Enquirer: 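Here it is, the structure, as structure tokens.
Note that the structure is predicted; figures quoted are calculated from it, not measured. Every heavy atom of this structure was used, including side-chain atoms; hydrogens, water molecules and symmetry mates were not.
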Amino acid sequence: MALLPIAGAFLSALLGLALHATVGQSQGQPVPAVAADHVGSATCAGCHAAQAADWRSSHHAHAMAPASDATVLGDFSGASVEAGGSRGRFSREGGRFVVETEGRDGKPAAFTVTDVLGLAPLQQYLVRFPDGRVQVLPWAWDTRPKEAGGQRWFHVYGDDPVPPSDPRHWTRLLQGWNHMCAECHVTAMDKGYDAATDTFRSTWTEPGVGCESCHGGGAKHVAWARLGGAPADATKGFAAVAGRRAPVDWTPDPQTGSPKASVARPAGDEVETCARCHARRGPIASTWAPGRPLADSYRPSLLTPDLFEDDGQMRDEVFNDHAFKQSLMYARGVVCSDCHDPHSGRLRAAGASVCGQCHEAARFADVRHTGHKPGAGTPDCVSCHMPVRTYMQVDRRHDHSFRIPRPDLSVTLGTPNACTDCHADKDARWAADAVTGWHGPTRRGHQTYAGAFHATRVGDPAARDSLQALANDPVVPAVARATAVEFLRDWPSADTDAALVRALADPDPLVRATALRQQDGQPPEVRWRRASTALRDPVRLVRIAAALLLADRPASGLSSEDAAALAAATAELETSLLIEADRPDARVGLAQLRIRQGRQAEAEAEYRAALRLEPAAVPASVNLSDLLRRLGREAEAQDTLRDGLALSPDSAALHHALGLSLVRSRRTAEAIENLRRAAEGEPGNGRYAYVYGVALQTIGRAEDGLGVMRRALARSPSDANLLTALLQAALRANDGAQAAPLAERLARVRPDDPEIARLAARLRR
């Protein structure tokens with residue numbers, strides 16, 4: 001089950017009433033089928049017995065099941081456990097499995113387990129509530145053998161206290177099965193959310209990941225088979241099938257020990273099928289079919305710092321797809337089933353032997369390659385090229401980017417490396433020297449973007465040129481190109497704009513969609529010229545990005561074809577947001593669309609809907625207050641922000657917005673206090689510090705304001721506002737020694753500003 005920290009997503013406050021009571025629904029409650037074209041895995045097994053037998057042994061088959069003596073693995077004999085101030089007790093009451101732990105109000109209560117998630121190395125437990133919500137309990141059972149540390153209860157957040165007010169609490173949105181887990185743990189899921197009543201009627205055809213989760217509905221395939229299996233039907237009755245690659249020979253090249261061959265990757269191949277659940281993504285459509293790109297139904301994440309290290313190694317739980325798509329193997333045409341049996345999920349050979357299918361094992365086990373003498377404990381391909389990260393306390397996952405270990409990057413950038421994962425008593429410099437000793441000073445590898453991504457994260461203007469080159473380099477993995485395009489928003493220039501325009505025509509839809517988002521600040525006519533063709537893009541993610549960008553374009557004056565394309569893409573965008581109408585962040589997105597369309601009253605209604613779902617949803621409060629301000633309702637805007645602060649008193653965003661509103665109302669002292677709390681609450685936010693510093697200057701505390709900005713500049717060294725303010729102060733003081741380096745830095749941040757360039761040159765002289 002995925003425990004994803006998605007910022008800005010919350011449950012309805014009304015849920016609190018339902019989450020305090022014990023639920024007595026029967027275990028294995030029948031669920032109506034939702035897909036008429038689905039026949040169930042049992043039907044498939046009638047003709048595909050061998051594949052069905054393999055599948056029944058897989059984790060996919062056991063992804064979810066009704067709670068029963070056969071499926072519940074945990075100890076419900078009265079066991080108790082405590083972690084992080086939370087307590088759990090596990091018992092049987094007749095045929096029911098009962099967990100006693102704190103509810104939404106923080107008070108102990110008893111909850112009946114209705115379903116189980118997963119098989120190994122842990123199993124989690126679900127509770128269904130009367131309003132249709134299904135929540136994941138925080139206590140999981142470690143299914144590993146006792147000698148491996150298993151056969152015990154544990155809290156998925158360890159000793160990190162998670163109070164009921166925290167969105168990660170088991171009663172709240174981030175542990176809501178209907179949205180967070182269901183689609184990848186059952187077959188043919190329909191969330192069934194009713195926005196009018198804030199309730200769910202979620203349905204599916206069978207628990208677990210069945211045959212039709214990957215192959216699509218099988219009813220017409222069964223009919224095709226019963227009619228004799230006409231060979232003229234290339235899809236064998238299925239509505240669609242995954243793209244098949246051309247035959248390829250993976251025989252190792254004697255000169256290198258690795259395959260020389262590669263093969264073109266067809267659109268919508270099996271990797272995209274697996275990525276549906278093995279990628280960090282959000283839904284944009286209620287339908288999915290094999291053979292389509294992931295971006296036709298989902299919005300994939302980028303290699304952002306909250307999810308990935310600067311070099312692209314996984315940091316948070318990202319489910320393999322984004323890592324694998326960074327690899328040279330993916331670029332060469334390797335697919336998941338080259339290493340994993342598609343039905344059992346097992347490796348095609350044990351451990352590192354699976355690599356020997358394509359790579360000359362003896363060559364790569366040699367000390368000249370590994371730097372380690374053969375013997376017990378010698379690292380193999382997996383330990384060096386697929387480092388492990390542990391999630392939910394016990395779930396060890398291998399990074400699938402198959403990267404060359406780079407302890408030298410650990411020295412310069414602070415990224416992890418496989419060498420010191422094992423040699424924990426040594427530092428990265430020791431490991432880097434050791435690698436240089438047996439492989440020489442030059443490091444090779446397919447992933448070449450660590451320096452650029454690190455530079456942008458720390459605010460180094462050198463990132464600009466590197467990101468531009470990455471964004472337009474077809475050899476760079478597409479997910480890294482898209483990430484470079486996203487990061488370029490922080491480095492505007494004419495050259496950046498040219499790189500972003502080129503990215504609009506990238507062959508990968510994720511890059512195209514990301515490049516469209518970066519056009520948001522362009523004048524309307526420029527946006528239309530650059531983005532209107534994307535309204536007809538073959539991939540949905542690109543079309544809806546174009547629709548949002550062009551939402552303020554009036555239909556009058558457009559050709560009938562253009563007007564129809566804009567209307568169709570906008571309808572797809574609205575649908576993509578309504579799919580997640582149970583999420584405050586989706587309602588905020590819908591409000592922002594309405595604002596672009598000039599429909600402010602509807603936008604206000606959507607913001608208020610988001611706050612009904614979760615009164616503590618900070619983005620909804622901030623955006624609603626801004627809308628109210630623009631509508632001339634400043635007092636209501638302030639009330640909205642104060643209501644938000646009553647629930648989230650430490651929110652820097654709310655304090656900053658309230659401070660600005662109070663400035664407009666000429667309530668200076670109160671404004672300064674809120675701006676201070678914003679700047680101190682989020683010290684890495686250069687804008688908050690800049691506004692607070694300027695505010696201090698306006699009330700005669702010039703030196704205090706400059707001090708705030710100087711300290712902030714140390715954290716945000718390329719913030720143009722901070723640099724400009726401090727440069728102006730130095731020039732007013734006739735302090736050339738201080739002004740010169742500030743002007744040089746500002747010139748690098750704003751390379752197209754000739755006035756700053758002339759000033760920097762003059763000060764340099």
Side-chain angles (χ1 to χ4, degrees), residues 4-5 265 271 274-275 278-281 294-295 299-332 334 336 381-391 396-421 428 431-432 435 443-458 460 462-463 466-490 503 506 508 510-511 513-514:
L4 307 186
R265 183 176 296 283
V271 174
C274 300
H278 289 276
R280 188 71 175 260
R281 82 296 182 276
L294 180 68
R299 180 181 290 103
S301 299
L302 301 176
L303 306 182
T304 50
D306 56 324
L307 302 179
F308 294 88
E309 305 289 348
D310 289 337
D311 62 352
Q313 290 185 72
M314 62 187 191
R315 172 178 287 175
D316 205 342
E317 194 172 12
V318 291
F319 313 111
N320 299 340
D321 179 70
H322 282 45
F324 181 53
K325 285 176 177 172
Q326 297 178 61
S327 71
L328 181 60
M329 285 199 282
Y330 178 79
R332 293 279 176 86
V334 173
C336 307
C381 311
V382 174
S383 53
C384 290
H385 298 286
M386 300 183 71
V388 168
R389 297 290 176 267
T390 300
Y391 302 98
R396 289 164 51 86
R397 309 263 181 97
H398 288 279
D399 191 298
H400 277 61
S401 54
F402 303 101
R403 63 186 62 244
I404 292 173
R406 294 292 303 272
D408 58 308
L409 294 181
S410 302
V411 173
T412 57
L413 309 180
T415 52
N417 72 88
C419 303
T420 53
D421 282 351
V435 172
R443 300 280 76 78
R444 296 180 298 159
H446 188 61
Q447 299 95 0
T448 60
Y449 29 86
F453 290 177
H454 178 78
T456 198
R457 183 172 61 80
V458 301
D460 182 353
S466 299
L467 292 172
Q468 290 169 7
L470 288 170
N472 299 141
D473 186 347
V475 176
V476 172
V479 67
R481 295 201 304 276
T483 303
V485 168
E486 178 77 5
F487 289 167
L488 278 171
R489 71 183 182 277
D490 295 329
D506 193 277
D508 190 89
L510 182 58
V511 181
T514 308

Enquirer: Could you tell me if the side chain of Val334 sits less than 4.5 Å from the side chain of Phe324, heavy atoms only?
Expert: yes

Enquirer: For residues Met386 and His398, report the shortest heavy-atom separation together with the two atoms involved.
Expert: O-ND1, 2.8 Å

Enquirer: Can you name the closest pair of heavy atoms from Ala275 and Asp321 and give their distance?
Expert: CB-OD1, 3.2 Å

Enquirer: side-chain contact (heavy atoms from CB on, under 4.5 Å) between His454 and Arg457: does it pass, once the steps are laid out?
Expert: CA-CA 5 Å; His454 178 78; Arg457 183 172 61 80; 3.2 Å; yes

Enquirer: Check Arg406 with Asp311, please: is the shortest side-chain N to carboxylate O separation under 4.0 Å?
Expert: no

Enquirer: Any side-chain heavy atom of Tyr449 within less than 4.5 Å of one from Pro477?
Expert: yes

Enquirer: In the structure I gave you, are the side-chain heavy atoms of Arg389 and Asp421 within less than 4.5 Å of one another anywhere?
Expert: yes

Enquirer: What's the separation between atom CZ in Arg443 and atom CD1 in Ile404, rounded to the nearest 0.5 Å?
Expert: 8.0 Å

Enquirer: Is a side-chain donor or acceptor of Gln313 paired with a backbone partner of Pro416 at a separation under 3.5 angstrom?
Expert: yes

Enquirer: What are the two closest non-hydrogen atoms of Thr514 and Ala482, and how far apart are they?
Expert: CG2-O, 3.4 Å

Enquirer: With side chains defined as the heavy atoms from C-beta onward, is the minimum distance between Asp399 and Pro387 less than 4.5 Å?
Expert: yes

Enquirer: Considering only heavy atoms from C-beta outward, does the side chain of Pro407 approach that of Val435 to under 4.5 Å?
Expert: yes

Enquirer: What orientation do Phe453 and Phe487 show, parallel under 30°, tilted 30 to 60°, or perpendicular over 60°?
Expert: perpendicular

Enquirer: Got a second to check how far Arg481's CZ is from Asp508's CG, nearest 0.5 Å?
Expert: 6.0 Å

Enquirer: Which pair of non-hydrogen atoms, one from Ala431 and one from Asn417, has the smallest distance, and what is that distance?
Expert: CB-OD1, 4.4 Å

Enquirer: Closest heavy-atom contact between Ala452 and Leu467?
Expert: CB-CD2, 4.0 Å

Enquirer: I'd like to know if the side chain of Thr483 reaches the main chain of Leu303, judged simply by a donor and an acceptor atom lying under 3.5 Å from each other, with no hydrogens or angles considered.
Expert: yes

Enquirer: Measure across Cys384 and Ala418 and return the closest heavy-atom pair with its distance rounded to 0.1 Å.
Expert: O-CB, 3.4 Å

Enquirer: Could you tell me if the side chain of Val271 sits less than 4.5 Å from the side chain of Leu294, heavy atoms only?
Expert: no

Enquirer: Whether the side chain of Arg280 engages the backbone of Glu317 through a donor-acceptor N/O pair (distance < 3.5 Å, no angle test) should be reported.
Expert: yes

Enquirer: Under 4.5 Å between any side-chain heavy atoms of Met314 and Phe319, yes or no?
Expert: no

Enquirer: Quick one: NE2 on His385 to OG on Ser327, what's the gap to the nearest 0.5 Å?
Expert: 12.5 Å

Enquirer: Starting from the C-alpha separation in whole Å, work towards a yes-or-no answer on side-chain contact (heavy atoms from CB on, under 4.5 Å) for Thr448 and Leu470.
Expert: CA-CA 9 Å; Thr448 60; Leu470 288 170; 4.1 Å; yes

Enquirer: Can you tell whether the side chains of Arg315 and Asp310 come within less than 4.0 Å, N to carboxylate O?
Expert: no

Enquirer: Could you measure the distance from the OG1 atom of Thr304 to the CG atom of Asp316? Nearest 0.5 Å is fine.
Expert: 9.0 Å

Enquirer: Tell me, do Leu510 and Val479 make a side-chain contact under 4.5 Å, heavy atoms counted?
Expert: yes

Enquirer: For the CG atom of Asn320 and the OG atom of Ser401, what is their distance to the nearest 0.5 Å?
Expert: 10.0 Å

Enquirer: Let me know which of Arg403, Gln447, His446 forms a side chain to side chain donor-acceptor pair (under 3.5 Å) with Gln326.
Expert: Arg403

Enquirer: Just verifying a value: how many Å separate Thr456 OG1 and Asp490 CG, rounded to the nearest 0.5 Å?
Expert: 5.0 Å

